[in-house]
Amino acid sequence: MKRYNPKDIEPKWQRTWAEQNLYAAIDFDSRPKYVMLTEFPYPSGDGLHMGHIREYTYGDILARLKRMEGNNVLYPMGYDAFGLPTENYAIKHRISPQAATERNINTFQSQLESMGYGIDWMRSFRTTDPAYYRWTQWLFLQFFKEGLAYQAEVAINWCPHCKTGLSNEEVINGRHERCDTLVEKRLLKQWLLKITQYAECLLEGLKHVDYPHRIADQQVNWIGRSEGAEINFYDINDEQKKQPITVFTTRPDTLFGATFLVLAPEHPLVSSVTRINHKDTVNAYIKQAQSKTEIERQSEERDKTGVFTGSYAVNPVTSEKIPIWIADYVLGGYGTGAIMAVPAHDERDWEFANKHRLPITRVIKNDDPDDMCTTKPGVMMNSGNFNGMKSAEAIPAIISLVEKEGFGSKKVQYKLRDWIFSRQHYWGEPIPIIHCPDHGAVAVPYNQLPVELPEVAHYEPTDTGESPLSAISDWVNTSCPECGGPAKRETDTMPNWAGSSWYYLRYYDPRNDQEFADPKKLEYWGEVDLYLGGMEHTTLHLLYSRFWHQFLYNQKLVPSPEPYAARRGQGIILAADGSKMSKSKGNVVNPSDIIDSGYGADALRLAIAFLAPYDQTTPWSPESVAGTHRFLQRVWVLTQESLDPSKQGLGEQALEDKIRRATHRAIKNVTEDINHLNFNTAVSALMEFVNELYKLKEQDHFANRLAWNFAITKLLQLIAPFAPHIAEELWSQSGNQGSIHTSQWPEYDNDLLIEGVVTVVVQVNGKLRGTIEVKRDMPEAEVVAQAKVQPRVAAYLKDHAINKAVYVKNRLVNFVLS
RNA sequence: GCGGAUGUGGUGGAAUUGGUAGACACGCUAGCCUUAGGAGCUAGUGCCCUCUGGGCGUGAAGGUUCAAGUCCUUUCAUCCGCACCA
């Protein structure tokens with residue numbers, strides 16, 4: 001009998017599966033399709049980490065189950081290879097980003113293969129391949145054609161370390177999420193995608209997909225929809241009402257309490273509103289505000305600084321003269337960059353008014369004391385005709401007044417900003433635009449796509465905010481597609497979120513050089529059935545790709561409005577001590593080391609599955625692989641013993657029933673658990689099954705041949721999604737034809753699960769005093785009678801009358817004593 | 001501040017959804033066995049006690065119930081996301 005040694009079997013089966021192309025997804029196959037998508041990796045220089053392994057192992061388990069259940073499964077993999085980390089890696093190692101990418105992908109590929117994932121490698125691609133980014137560029141031009149890609153001079157988040165602009169989503173606490181450098185503001189001409197136009201769509205779409213609350217709520221939060229009104233105020237000297245100062249408010253009901261206006265320092269009207277004798281203080285304030293980084297603004301504990309402009313506006317409903325102030329607690333980028341301040345009903349305005357001794361008018365009466373700021377609803381006061389009205393009713397009432405009088409309108413406002421789509425870097429998709437002095441920004445004609453990234457000697461980013469591409473004059477200088485005159489190429493590249501915004505669609509038709517994908521194939525594969533990924537991409541990749549997809553749907557380029565029917569996010573694996581794994585701490589666990597150490601990929605896969613609920617952040621325990629390896633050995637030994645030809649014959653019927661029942665129970669538990677993504681309890685169900693089989697073996701010695709064949713066959717099939725190599729090996733050793741992974745998933749018979757005898761718990765006053773074994777469905781009176789004579793129970797009943805006996809069928813008797 | 005979670009043995013985690021708390025593992029203890037290994041097997045392992053029995057026990061405090069890890073109220077702690085968003 002051969003010993004279980006993963007090194008003998010894992011590489012062998014990996015080769016065999018590849019030769020057979022076992023995991024190929026077949027276009028237009030008549031079986032039901034199932035698209036199991038996991039986020040494709042960014043091929044960094046460090047190789048796969050445990051987070052990847054967790055994600056892809058879960059994906060593989062599900063894909064294998066769905067395949068065995070008779071689906072045409074697409075479980076694909078690619079590489080998201082453009083972006084800063086590779087560029088930085090290349091600079092550090094003095095190689096080209098192309099070479100760095102090649103090197104890193106090779107590492108990733110061999111690591112993924114060593115895990116035995118059932119991936120359709122024929123469909124793999126990388127985003128940096130011109131044959132792929134040709135279509136990323138083509139899709140960008142669709143946005144451009146529709147006016148959803150535009151250029152604007154914007155104050156952007158600039159990372160001085162990476163020397164590039166960043167999107168809002170990439171800035172975390174004022175720092176670049178990748179390198180942790182403090183982000184500065186810079187004014188640069190940038191490409192933007194008008195994601196704000198899809199704010200409502202993106203919210204609406206969430207109602208029709210199966211996302212965890214946590215993720216959906218986060219997106220809703222990020223989009224930040226609020227309803228209110230825009231109201232125009234006018235400078236007291238602007239009698240012609242030429243120059244409105246528009247504010248946004250969610251509380252039109254407090255309009256009568258607006259006692260001053262505040263403009264953000266960036267507000268375009270600041271200089272025109274500021275009086276001569278206030279210019280110096282205002283300018284000084286603005287300068288100071290501009291020099292602050294986000295972090296500094298936050299670290300000042302929200303101290304409400306501000307300066308008076310010397311001007312006054314008129315409150316349109318009270319006709320009162322109210323001062324106009326400038327303060328950085330008003331954000332330039334949200335709403336109109338100006339607010340009406342209602343200190344009695346907004347805590348920030350309250351704080352500001354108190355600090356700068358500005359008037360406060362209470363307009364809503366409620367439980368809160370009159371001399372305090374209150375944001376709660378109540379009854380209107382100091383509000384003219386609206387007095388006595390409920391504040392909730394006053395909101396629409398005042399909006400209609402404002403609309404009637406023509407100084408404002410109802411308005412829905414979003415926190416979401418347009419997506420800054422330019423990066424001043426080499427290693428990205430060139431933006432396929434040509435700038436002509438006469439025709440402005442012109443799309444590169446489709447037949448000239450892809451605009452290939454030229455090979456260059458220097459790809460280090462520049463300090464000027466210009467892409468390194470701008471130095472390559474024979475690439476930059478070209479002719480205008482409109483007029484043929486001299487023109488220049490756009491030198492900014494796309495962010496690394498570009499290629500990942502549509503990659504799943506390319507798996508449906510990866511080699512197409514006529515279209516980004518054949519519409520018939522898009523129709524066949526449809527929505528991704530399940531998308532597994534990290535929680536950290538909720539407001540980046542996940543939101544961006546939904547935006548792209550919704551746009552493509554509106555362009556009739558894809559058949560469904562949402563890309564992913566269901567989304568789940570796996571938890572993070574921490575180091576054994578509960579801290580985050582990081583290179584600097586030196587506590588990173590390398591999955592390849594675990595495989596190479598002799599435990600093998602199967603044990604590692606099982607350990608990952610067994611670790612914790614899939615969505616839970618949890619520490620890695622190195623010993624767990626030893627445990628799952630031990631389990632696989634037990635499976636190996638049990639199967640080998642059962643194959644021994646000397647063991648044959650017929651055994652006791654009672655034992656045969658037990659073997660069969662245990663098998664059906666295992667099938668039920670494992671099937672249900674995987675379908676609910678309860679991988680950890682699925683593994684424990686497998687372990688219980690094996691433990692049970694070992695006990696039965698002691699009694700039966702494989703005498704019930706048919707039952708044992710049945711049990712072992714099903715056991716191997718149930719293990720197959722988790723530990724595909726050992727399952728395939730033992731399947732083959734058992735004389736089965738074909739791969740276990742294309743065999744039909746076992747089914748269970750519910751009737752066979754039911755045992756004739758049940759254990760009934762007996763309680764006295766709610767406390768457990770004993771158990772009795774009774775026939776299933778025995779009449780209540782008989783069970784209670786039997787429970788009363790249970791020796792320990794009887795002792796309690798002796799001196800007391802029974803008030804009540806609670807009976808739960810086949811489960812429990814509780815005697816309540818007086 | 002807003003939004004989302006999570007608190008169960010020494011550890012990772014189970015618990016049929018209100019019905020035997022701690023499944024399954026890791027670790028540990030004792031014993032057995034062996035071509036001494038990263039083995040294997042058997043037994044034990046929530047805490048406490050006057051130990052063939054009994055008491056206590058799911059972050060804390062109340063409550064509902066014959067019965068609560070599970071439901072309700074209050075509270076504490078930790079983690080994640082957003083954050084002067086008018």
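Heavy atoms only: backbone and side chains are in, while hydrogens, waters and symmetry mates are out. So that the names make sense, note that chain A is the first sequence line, chain B the second, and so on, each numbered from 1.
Annotated stems with RNA chain B as a participant read B:1-7 with B:76-82, B:10-12 with B:24-26, B:27-32 with B:40-45, B:46-49 with B:53-56, B:59-63 with B:71-75, given as range with range, by first number; only runs of 3 or more Watson-Crick or G-U pairs under 3.5 Å qualify.
Residues satisfying the side-chain hydrogen bond (donor to acceptor under 3.5 Å, both in side chains) test with A:Asp751, not counting sequence neighbours, are none. Residues meeting the ring pair (Phe, Tyr, Trp, His ring centres under 6.0 Å) test with A:Phe689, sequence neighbours left out: none. Applying the salt bridge (Lys or Arg N to Asp or Glu O under 4.0 Å) criterion to A:Lys376, with sequence neighbours excluded, gives A:Asp368. For A:His356, the ring pair (Phe, Tyr, Trp, His ring centres under 6.0 Å) partners are A:Trp325, A:Phe352, not counting sequence neighbours. The salt bridge (Lys or Arg N to Asp or Glu O under 4.0 Å) search around A:Arg661 returns A:Glu755, not counting sequence neighbours. By the salt bridge (Lys or Arg N to Asp or Glu O under 4.0 Å) test, A:Asp602 is found to be paired with no residue, residues two or more places apart in sequence or in another chain being considered. Here A:Tyr58 pairs with A:Phe679 under the ring pair (Phe, Tyr, Trp, His ring centres under 6.0 Å) rule; sequence neighbours left out.
Ring centers of A:His800 and A:Phe815: at least 6.0 Å apart, outside the cut-off.
Ion pairing of A:Glu692 with A:Arg665 is present here, as a side-chain N (NZ or NE/NH1/NH2) and a carboxylate O approach within less than 4.0 Å. Comment: A:Lys668 engages A:Glu672 in a salt bridge, judged by a side-chain N to carboxylate O separation of less than 4.0 angstrom.
Contact between the side-chain N/O atoms of A:Tyr334 and the OP1/OP2 oxygens of B:A86 is found at a separation under 4.0 Å. OP1 or OP2 of B:A86 has not a single side-chain nitrogen or oxygen of A:Lys304 nearer than 4.0 Å. Contact annotation: A:Asn691 side-chain N/O to B:A25 OP1/OP2 distance is under 4.0 Å. Note on A:Gln616: every side-chain N or O is 4.0 Å or more away from OP1 and OP2 of B:U6.
For residues 677-686 of chain A, proximity to RNA chain B is found at A:Asn680, A:Thr681, A:Ser684, defined as any non-hydrogen atom under 4.0 angstrom from a strand atom.
Within the 4.0 angstrom heavy-atom criterion, base atoms lie near A:Tyr599.
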Taking N or O atoms only and anything under 3.5 Å, show me the protein contacts with nucleotides 42-53 of chain B, one pair per line.
none

Pull out every protein N or O sitting under 3.5 Å from an N or O of nucleotides 18-21 of chain B, one pair per line with the distance.
| residue | atom | partner | partner atom | Å |
| --- | --- | --- | --- | --- |
| B:G19 | N2 | A:Gln763 | OE1 | 3.3 |

Quick one: which protein N/O atoms are closer than 3.5 Å to N/O atoms of nucleotides 26-29 of chain B? Pair and distance per line, please.
| residue | atom | partner | partner atom | Å |
| --- | --- | --- | --- | --- |
| B:C26 | OP1 | A:Arg630 | NH1 | 2.6 |

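For the residue pair A:Glu773/A:Thr759, the side-chain donor-acceptor check at 3.5 Å is satisfied.
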